[in-house]
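Working notes, structure below.
The first residue of the sequence shown is numbered 1, and numbering continues consecutively from there. Here the structure is a predicted model, which means the values were calculated and not measured. Indexing begins at 1, ligand by ligand and atom by atom, following the structure's order.
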Amino acid sequence: MHILDLDVFNREDIIKIIDYGFYFKKHRKSHEKLLKDKNIAMIFEKPSTRTRMSFEIAINELGGNAIVMHSNEIHLRKKESIKDTAKVMSRYVDCIIARVYKHSDLVEFSKHSSVPVINALSDLAHPCQVLADLMTIREYKDFNIKLAYLGDGNNVCNSLIIGSALMGIDICVATPRGYEPNAYAVLKALEIIKEYGEGSITLTNDPIEAVKDADVLYTDVWVSMGDNKSMEDVLKIFPKYQINKKLLSYAKDNAIVMHCMPINRGYEMTDDVADSERSVIYDQAENRLHVQKGLFKFLFTSPSH
Ligand code: CP
Ligand code: NVA
């Protein structure tokens, strides 16, 4: 099973992974070594703090061996085809985690890998982040909520849309015109919402419409790694989507504020909000570690994965 985005899961799978995550959060060091004798490779074409550290620590704490390769250390696409790299690496290791610029490269890689491939962020999706986000939402709320996403309709937004649909969340996405989420994620979400008969997705350009009566506010950077948006345009178009005290006042009184981090403080989120008691950003970051252990447990112990 390859995990390129959350649409490979159903609701039951996500609940299972999150529940495992809560178990691992409670039993940080004393649990079974389920990755004993397993080697797991991680490829990073872009920088990372949370993803790299949380995965490497998760692997080590579960008794496995993590091998981290940055793009300048590996023949990927430049000196060797993606196909050959994938075929060779999957003869060595039990799982491959990759952060890449182009999602299509990950699709190509996964086609030729005989071991599971996990997307650690591509230009299209960031499924592991959203597993941690759903775990955090579960920690503070339930899934019967309105979630407002504000800003750029990027990789995190695409996975959040699919994750929300899977859990029956009402998600309202407010982006500037021309920066909407990918149609693939929206269509997938609509299919899932129809299948489960609950949840909804609304796309708008109006941040106040999104935030009104929301239980959760979520934002991400306005310029993602590898984006070539002009800063001049960004600073003209995006500031009205900033999560600040004023925008937060339209949400429910007990609404929480989320960000996958890293944050450009003062841009998509103000300091006073990021550091307020409404902010759960550090829990989200911590939960990456726990839920990724849950993901390994799901991958390596569930039948047929
Ligand atoms: N949120 C997240 O994926 O952070 P990193 O880029 O630090 O891994
Ligand atoms: N959308 C951001 C997420 C970083 C974790 C990016 O792709 O740079």
Between Arg99 (side chain) and Ala120 (backbone), is there a donor-acceptor pair under 3.5 Å?
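Judged by distance alone, yes, a pair lies under 3.5 Å.
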Strictly distance-based, threshold 3.5 Å: is any side-chain N or O of Ser224 a donor or acceptor partner for the main-chain N or O of Asp227?
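A pair under 3.5 Å: no.
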Could you walk me through whether Asp275 and Arg265 pass the side-chain contact (heavy atoms from CB on, under 4.5 Å) test, one step at a time?
CA-CA 10 Å; Asp275 296 330; Arg265 286 165 175 260; 2.9 Å; yes
State the atoms of ligand 1, each with its element, that fall below the 4.0 Å cut-off from a heavy-atom position in His126.
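Listed by number with element: 2 (C), 3 (O).
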Would you mind listing which atoms of ligand 1 come within a distance below 4.0 Å of any non-hydrogen atom of Arg288?
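It comes down to these atoms of ligand 1: 1 (N), 2 (C), 3 (O).
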If we ignore angles and hydrogens, is there a donor and acceptor under 3.5 Å between the side chains of Tyr179 and Asn205?
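No.
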Quick one: do the Asp206 and Thr204 side chains pair a donor with an acceptor below 3.5 Å?
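No.
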May I ask you to identify the nearest protein heavy atom to atom 4 (O) of ligand 1, giving residue, atom name and distance to one decimal place in Å?
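Heavy-atom neighbour on the protein nearest atom 4 (O) of ligand 1: Arg50 NE, 2.9 Å.
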For atom 6 (O) of ligand 1, what is the nearest protein heavy atom, given as residue, atom name and distance?
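Of the protein heavy atoms, Arg99 NH1, 2.9 Å lies nearest.
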Show the short N or O contacts, below 3.5 Å, that ligand 2 makes with protein N or O atoms; if there are none, say 'none'.
| residue | atom | partner | partner atom | Å |
| --- | --- | --- | --- | --- |
| ligand 2 | 1 (N) | Asn154 | ND2 | 3.3 |
| ligand 2 | 1 (N) | Asn155 | OD1 | 2.8 |
| ligand 2 | 1 (N) | Asp220 | OD2 | 2.7 |
| ligand 2 | 1 (N) | Ser224 | OG | 2.7 |
| ligand 2 | 7 (O) | Asn155 | ND2 | 2.8 |
| ligand 2 | 7 (O) | Ser224 | OG | 3.4 |
| ligand 2 | 8 (O) | Met225 | N | 2.8 |

Judging by distance only, is a nitrogen or oxygen of [X] under 3.5 angstrom from one on ligand 1?
X      : result
Met261 : yes
Cys260 : yes
Thr51  : yes

Please work out which of the three classes, parallel, tilted or perpendicular, describes the rings of Phe44 and His70, given edges at 30° and 60°.
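Geometry flag for Phe44 against His70: tilted rings.
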Salt bridge or not between Asp170 and Lys146? Use side-chain N to carboxylate O under 4.0 Å.
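Lys146 and Asp170: not salt-bridged.
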Can we say Lys188 and Asp5 salt-bridge, meaning some charged N sits less than 4.0 Å from an Asp/Glu carboxylate O?
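Salt bridge between Lys188 and Asp5, a charged N being under 4.0 Å from a carboxylate O: no.
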Does atom OH of Tyr267 have more than 12 heavy-atom neighbours from other groups under 6.0 Å away?
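Atom OH in Tyr267 is not packed in, count stays at 12 or less.
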